[in-house]
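Take a look at the structure below.
When a residue number appears, it is its place in the shown sequence, counting from 1.
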Amino acid sequence: MKIILANPRGFCAGVNMAIDSLERALELFGTPLYVYHEIVHNRHVVERFKKRGVVFVDRIEEIPSNSVVLYSAHGVAPAIRAASTERNLNAIDATCPLVTKVHLEALRFAKEGYTILLIGHEGHDEVIGTIGEAPGNILLVQDEKEVEALELPADAKVAYLTQTTLSVDDAEIIIGALRKRFPHIVGPKKDDICYATQNRQEAVKDLVPEVDFVLVLGSRNSSNSLRLAELATSCGKPAFLVDGLHEINANWFTNKHTVLVTAGASAPEDVVQECVAFLQRHFNATVETRTVREEDVSFNLPKELRSLTLVN
Ligand code: SF4
């Protein structure tokens with residue numbers, strides 16, 4: 001068997017920054033340390049921090065007053081910031097700057113009187129945060145049918161925005177449907193689907209014709225990981241999204257000659273390598289890394305952490 005290891009794969013700049021922020025906060029403040037939502041959507045990352053005393057919460061009210069809280073890479077609504085202030089929490093904002101960009105666009109369009117059609121997945125942390133910036137002005141659309149069902153006149157003053165981790169192809173179809181329905185619709189200057197999501201999808205698209213099976217590492221609540229598996233399937237290849245080695249079924253690989261291995265933006269590289277080592281052991285697999293696009297993006301730690309020095 002031959003393994004083609006897709007590059008880029010795994011951690012993006014936003015995930016690296018969020019994890020580094022939590023590491024730094026642990027050094028500076030110790031535990032208990034609270035994180036609002038999962039710091040990134042990956043079970044391994046979350047479990048490892050839990051073991052070190054980090055407490056993940058879904059409600060700010062669960063956090064004792066005067067504690068330290070980190071906001072996850074997916075961002076938060078202003079109401080969450082207000083609730084933190086009310087509890088006198090020391091809040092560190094590890095929101096990915098590419099998510100913040102969408103929040104700022106939402107605020108700008110809302111201020112200019114637009115109805116904003118947000119293309120995204122209902123219930124995703126990022127979508128909840130973005131809608132929270134202008135709840136009265138934002139409508140969520142998830143597919144073409146929902147575009148059809150919008151009760152707005154064709155000349156409505158509308159703008160669109162997208163979640164950062166969508167399928168590039170699906171988003172294009174929905175944006176096309178919006179443009180057809182609302183010829184005057186405006187959008188962001190540059191696509192909101194982030195570079196990491198686009199590059200990981202591009203790598204799968206480029207490499208999938210060469211393989212007969214695709215293994216995607218990532219958690220099931222990771223939007224960009226799910227999109228990678230869906231993309232491979234839509235290209236006609238069997239694909240499985242697994243959280244790690246424990247979810248792999250060796251039978252999947254029977255009679256498979258070439259396997260593409262990739263990972264969503266929140267999946268740690270050691271989990272990828274564990275799976276690759278398993279395939280090498282059990283199927284005598286060789287490994288070829290294929291770089292489809294170079295990445296050199298990095299983000300600074302949140303300002304709340306940059307201004308602090310470690311006290312021994
Ligand atoms: S996937 Fe994109 S938007 Fe999400 S944290 Fe990574 S870089 Fe930021």
Side-chain angles (χ1 to χ4, degrees), residues 1-12 15-16 38 40-48 121 124 143 164-173 193-295:
M1 182 197 286
K2 176 173 156 186
I3 298 170
I4 296 182
L5 202 45
N7 194 29
R9 66 176 179 280
F11 281 7
C12 59
V15 164
N16 274 323
E38 294 189 336
V40 300
H41 283 156
N42 185 271
R43 204 175 64 83
H44 298 278
V45 174
V46 169
E47 289 303 322
R48 288 169 190 177
H121 298 287
H124 189 280
D143 53 33
T164 56
T165 50
L166 296 181
S167 146
V168 173
D169 296 339
D170 290 354
E172 254 172 40
I173 292 170
I193 301 178
C194 78
Y195 80 96
T197 297
Q198 299 204 24
N199 291 349
R200 280 149 192 71
Q201 288 178 20
E202 185 188 4
V204 168
K205 231 181 191 176
D206 272 24
L207 299 170
V208 80
E210 299 179 39
V211 305
D212 37 28
F213 188 84
V214 181
L215 187 66
V216 181
L217 274 299
S219 291
R220 258 168 283 286
N221 61 344
S222 160
S223 172
N224 77 89
S225 304
L226 277 166
R227 304 292 85 80
L228 293 177
E230 284 172 6
L231 175 59
T233 309
S234 74
C235 295
K237 297 294 165 74
F240 279 102
L241 172 66
V242 293
D243 227 326
L245 183 55
H246 63 288
E247 289 185 356
I248 287 185
N249 180 344
N251 293 332
W252 296 340
F253 303 95
T254 310
N255 298 326
K256 300 290 187 298
H257 301 291
T258 313
V259 174
L260 177 64
V261 177
T262 186
S266 47
E269 182 60 15
D270 62 299
V271 176
V272 177
Q273 290 304 330
E274 213 180 14
C275 296
V276 168
F278 168 84
L279 296 179
Q280 285 177 303
R281 268 197 318 276
H282 286 261
F283 300 97
N284 207 15
T286 58
V287 182
E288 186 190 339
T289 298
R290 296 275 290 278
T291 301
V292 168
R293 199 159 281 276
E294 300 286 351
E295 285 183 350

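Contact record, P8 with R293: CD-O, 3.2 Å, taken as the closest heavy-atom pair. Heavy atoms only, all atoms of each residue included: R48 and D270 are closest at NH2-OD2, 2.7 Å.
Taking CZ from F253 and CG from D212, the interatomic distance works out to 11.0 Å, rounded to the nearest 0.5 Å. To the nearest 0.5 angstrom, D169 atom CG is 12.0 Å from R227 atom CZ. Interatomic distance, N199 CG to C12 SG, rounded to the nearest 0.5 Å: 10.5 Å. Note that CD1 of I193 is 6.0 Å distant from CD of Q198, once rounded to the nearest 0.5 Å.
A side-chain N or O of N221 and one of E38 form a donor-acceptor pair less than 3.5 Å apart.
Open room surrounds CD on E294; 12 or fewer heavy atoms of other groups in view lie less than 6.0 Å from it. Within 6.0 Å of NZ in K205 there are 12 or fewer heavy atoms belonging to other residues, nucleotides or ligands.
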Pairs of donor and acceptor atoms involving the side chains of residues 254-268, under 3.5 Å and at least two apart or interchain, shall be tabulated with distances.
unit_1 : atom_1 : unit_2 : atom_2 : d
T254   : OG1    : N251   : O      : 3.0
K256   : NZ     : W252   : O      : 3.3
S266   : OG     : H41    : O      : 3.1

Cut-off 3.5 Å, no hydrogens considered: what does the side-chain donor-acceptor table look like for residues 238-248, sequence neighbours left out?
unit_1 : atom_1 : unit_2 : atom_2 : d
D243   : OD1    : S219   : OG     : 2.8
D243   : OD2    : R43    : NE     : 3.4
D243   : OD2    : S219   : OG     : 3.2
H246   : NE2    : R43    : NH2    : 3.2
E247   : OE1    : R220   : NH2    : 2.8
E247   : OE1    : D243   : N      : 2.9
E247   : OE2    : R220   : NH2    : 2.9

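R290 has a carboxylate O that lies under 4.0 Å from a charged side-chain N of E288, or vice versa, which qualifies the two as a salt bridge.
Looking only at side-chain heavy atoms (C-beta outward), N224 and S222 come within less than 4.5 Å of each other.
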